[in-house]
There are 4 protein chains.
Amino acid sequence: MTDSTAPRRPHTGRRRNEDARTAILDAVLVLLGDSGGAPVTIDTIARAAGVGKQTIYRWWPSKGAVLLDALTGLAGDVVSAPAGETLYDDLAAFLTATFRGTGRASTAAVLRSLVREAARDPHAAGLVRTFTAARREALRELFARHGDEFAPDADLDLLVDQAYGVLWYRFLLEHHPLSDRDAAELARGLTVQAGARS
Amino acid sequence: MTDSTAPRRPHTGRRRNEDARTAILDAVLVLLGDSGGAPVTIDTIARAAGVGKQTIYRWWPSKGAVLLDALTGLAGDVVSAPAGETLYDDLAAFLTATFRGTGRASTAAVLRSLVREAARDPHAAGLVRTFTAARREALRELFARHGDEFAPDADLDLLVDQAYGVLWYRFLLEHHPLSDRDAAELARGLTVQAGARS
Amino acid sequence: MTDSTAPRRPHTGRRRNEDARTAILDAVLVLLGDSGGAPVTIDTIARAAGVGKQTIYRWWPSKGAVLLDALTGLAGDVVSAPAGETLYDDLAAFLTATFRGTGRASTAAVLRSLVREAARDPHAAGLVRTFTAARREALRELFARHGDEFAPDADLDLLVDQAYGVLWYRFLLEHHPLSDRDAAELARGLTVQAGARS
Amino acid sequence: MTDSTAPRRPHTGRRRNEDARTAILDAVLVLLGDSGGAPVTIDTIARAAGVGKQTIYRWWPSKGAVLLDALTGLAGDVVSAPAGETLYDDLAAFLTATFRGTGRASTAAVLRSLVREAARDPHAAGLVRTFTAARREALRELFARHGDEFAPDADLDLLVDQAYGVLWYRFLLEHHPLSDRDAAELARGLTVQAGARS
DNA sequence: ACATAATCGAGACGGTACGTCAGGTCTTTTG
DNA sequence: CAAAAGACCTGACGTACCGTCTCGATTATGT
């Protein structure tokens with residue numbers, strides 16, 4: 001009785017070059033960063049990373065996947081869930097940190113390019129969904145930690161989507177910057193909304 | 001006292017063919033509607049409209065511009081501002097109508113394709129900004145009609161962006177449908193937020 | 001003692017696909033052959049050869065260049081220099097063969113399309129010049145083999161150009177067919193002219 | 001009894017503007033002259049002549065026809081048949097004049113562009129045929145005036161085509177200039193050919 | 001040690017769509 | 001009713017990326 005998931009012959013041949021992987025991811029971030037909206041093509045990435053195109057496609061299924069991968073590495077560090085006394089405090093801290101993350105020029109360009117990619121590549125779109133779902137979950141948990149401040153019938157999903165909705169809506173359209181004041185005000189609004197029973 | 005903006009010789013030569021214009025716009029909507037995500041190309045549009053490609057490029061600077069133009073004509077009809085007694089009533093009516101608009105398969109495809117286009121065509125992106133700004137303005141006016149229900153320091157922009165934020169966020173990510181219940185609940189939440197003083 | 005012309009790393013990456021090359025050239029000849037004057041487009045060639053357009057543009061700078069390339073392969077076989085006793089015999093044989101070459105419908109169409117292309121594509125024109133220069137050289141050598149039949153001051157270039165001049169002039173204008181009789185008569189005329197001292 | 005060729009109503013409406021006609025023809029010559037091989041388009045001509053495109057197409061069936069018309073007006077003057085004592089004298093005079101005509105930069109550009117046009121426009125090709133036929137006829141008559149210097153079985157058409165063949169062949173390929181010496185030498189050669197019986 | 005196997009950089013390949021250009025026709029206004 | 005202006009349809013052009021497919025060279029195992 002053998003474990004069928006374990007490959008018979010675990011590995012033969014040359015192993016994946018870690019340098020290539022990081023070179024690619026770095027190149028993506030650099031290109032997304034300073035190319036002001038100019039389309040980041042696979043050829044460009046490969047050239048910048050000093051890598052063959054096939055090396056990219058060997059490890060990522062599509063261009064969007066590479067972009068997303070580059071992004072997640074970046075965004076993971078940015079926001080960590082705070083653990084304060086009140087819902088408002090935690091919410092304000094979380095939103096402020098998140099808003100600031102999108103404000104930094106380096107990540108902003110990356111995020112925007114990523115959405116660009118997801119818009120036409122179904123595969124990338126799927127990855128973006130996974131990514132955003134994870135972020136929503138983080139915010140849900142934050143809310144859940146303060147369940148006592150809630151009206152019993154509060155729509156948690158809606159609250160979460162209002163927060164991220166404002167974030168993405170303003171971020172992508174750029175009609176209004178995402179200031180610290182906005183983060184605080186939004187936190188206040190959502191807190192009020194959560195506590196009010198219908 | 002002459003109107004200096006009126007050109008001396010208003011126009012010479014053949015005038016723009018209005019039939020061609022509408023044929024193009026109609027063709028766009030039809031194609032966006034039934035092509036299930038299949039990319040709508042300029043050639044296809046021209047073919048379907050019985051029009052030369054050059055005629056499209058003569059009047060629109062890019063593909064995205066055509067799509068947007070087709071869309072704006074569509075969206076104008078869909079939602080008209082209601083005029084009820086309370087803020088909540090108006091808001092609920094407006095949001096329900098808007099949510100339903102994105103639900104109809106025909107317009108949904110158009111909207112999504114449009115965003116796809118805006119994602120890579122800077123010009124189209126600009127037009128999308130104009131379009132969304134107009135919609136925001138409509139909602140702002142709705143809020144303004146019920147100024148008496150507001151706390152003096154309520155952040156109107158933030159309220160508007162929460163509404164449209166949820167809409168677009170859910171519409172594009174498709175992680176959650178936009179039901180009538182959501183519209184009502186969102187209306188309630190925003191009404192509460194508006195009335196609460198900090 | 002090393003061959004310095006040999007590059008250290010002779011080639012990297014996939015090599016040119018010889019099948020594609022011949023498929024393109026064959027497709028050109030076929031299309032030129034049976035399309036009765038209908039313009040042979042790059043798309044058509046690519047389609048017929050089962051090849052991407054870019055593959056054509058990667059190796060030939062213009063459409064005319066492809067046509068010419070297809071032609072040269074063809075023309076090389078057609079006429080081979082004869083080696084007879086007298087100038088007249090060789091000349092008559094050479095001209096008859098050449099005249100007949102232009103008579104065959106398949107090559108005629110190719111030649112005419114080629115000139116059409118050279119007429120507007122400067123690059124193709126250059127290639128045509130190279131091609132015709134090679135042919136003239138062949139005829140010059142034929143003349144040179146019978147130098148003893150010449151007047152010392154005979155203008156060899158002029159004789160050659162008279163031969164090819166008649167050929168192209170009649171071929172392109174089509175006011176007069178190029179018969180075997182004409183070839184013989186032209187051979188006689190040029191022989192006489194070559195032998196007569198001024 | 002009326003002259004049926006005279007129109008009943010001699011003319012109604014605005015009459016053809018002779019100025020426009022000459023403006024068009026002049027513009028063609030100017031454009032062909034100084035545009036170093038740059039394609040002369042109908043739009044360019046119309047613009048340069050200060051004329052509507054339709055005005056061109058009203059009077060000429062295609063672009064080539066306009067070019068040819070411009071040319072014939074130019075070339076008609078150049079060569080007039082000489083009337084000397086011997087075949088050689090007349091031939092040399094005729095060829096020298098003709099060669100010189102092609103040498104002048106102004107006419108050279110026009111001729112070359114014309115051939116370019118004839119190469120792809122069947123209509124223009126027909127006109128070129130007519131044009132060249134007329135020129136051949138002129139040369140035939142010159143030969144005919146000296147019938148006494150001929151062998152009885154001389155092929156007059158072939159002689160004519162050798163002359164014009166060399167001319168066009170060298171003119172278009174540009175591999176060899178058309179000097180006065182060449183004209184004289186060609187005249188000598190053809191005279192010898194004409195006189196020699198087979 | 002030596003065959004086996006997977007990786008790497010390079011770059012050619014089949015495709016799809018793009019946006020442009022020219023030719024020749026059609027339509028409107030002005031003289 | 002001709003002429004200037006210019007919009008229109010058609011069809012070919014050459015370019016840009018995509019994602020796949022070879023190459024020869026380069027490592028790592030397994031026997």
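Heavy atoms only: backbone and side chains are in, while hydrogens, waters and symmetry mates are out. Each chain gets a letter, A, B and so on, in the order the sequences are listed, and its residues count up from 1.
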Closest to side chain of C/Lys63, choosing from F/dC18, F/dA12, E/dC18: F/dA12

Closest listed nucleotide, where the reference is the side chain of A/Asp43 and the choices are F/dC18, F/dC13, F/dA28: F/dC18

Minimum-distance nucleotide (side-chain atoms of B/Gln54 versus F/dC23, E/dC21, E/dA10): E/dC21

Distance below 4.0 Å between C/Arg14 side-chain N/O and E/dG9 OP1 or OP2: no

Short side-chain N/O contact to F/dA3 OP1/OP2 from D/Trp59, under 4.0 Å: yes

E/dA12 OP1/OP2 closer than 4.0 Å to side-chain N/O of C/Thr55: no

Sequence neighbours excluded and cut-off under 3.5 Å, please list the side-chain donor-acceptor pairs for residues 20-27 of chain C, or say none.
| unit_1 | atom_1 | unit_2 | atom_2 | d |
| --- | --- | --- | --- | --- |
| C/Arg21 | NH1 | C/Glu18 | OE2 | 2.5 |
| C/Thr22 | OG1 | C/Glu18 | O | 3.2 |
| C/Thr22 | OG1 | C/Asp19 | O | 3.0 |

Residue-level proximity of residues 46-53 of chain B to DNA chain E when a heavy atom falls under 4.0 Å: B/Lys53

4.5 Å side-chain heavy-atom contact, B/Arg16 and B/Arg58: no

A/Arg16 vs E/dA6: side-chain N/O to OP1/OP2 distance below 4.0 Å: no

Polar side-chain atom of B/Thr44 near backbone of B/Val40 as donor-acceptor pair, under 3.5 Å: no

A/Ile42 CD1 to A/Ile56 CD1 distance, which is reported to the nearest 0.5 Å: 4.5 Å

Nearest to side-chain heavy atoms of D/Arg58, which nucleotide of E/dA6, F/dA2, F/dG19: F/dA2

Within-4.5 Å side-chain heavy-atom neighbours: A/Ile45 and A/Leu31: yes

Position toward the 5' end of DNA chain F (nearest nucleotide), C/Tyr57 or B/Asn17: B/Asn17

Listed partners of C/Asp43 passing salt bridge (Lys or Arg N to Asp or Glu O under 4.0 Å), at least two apart: C/Lys53

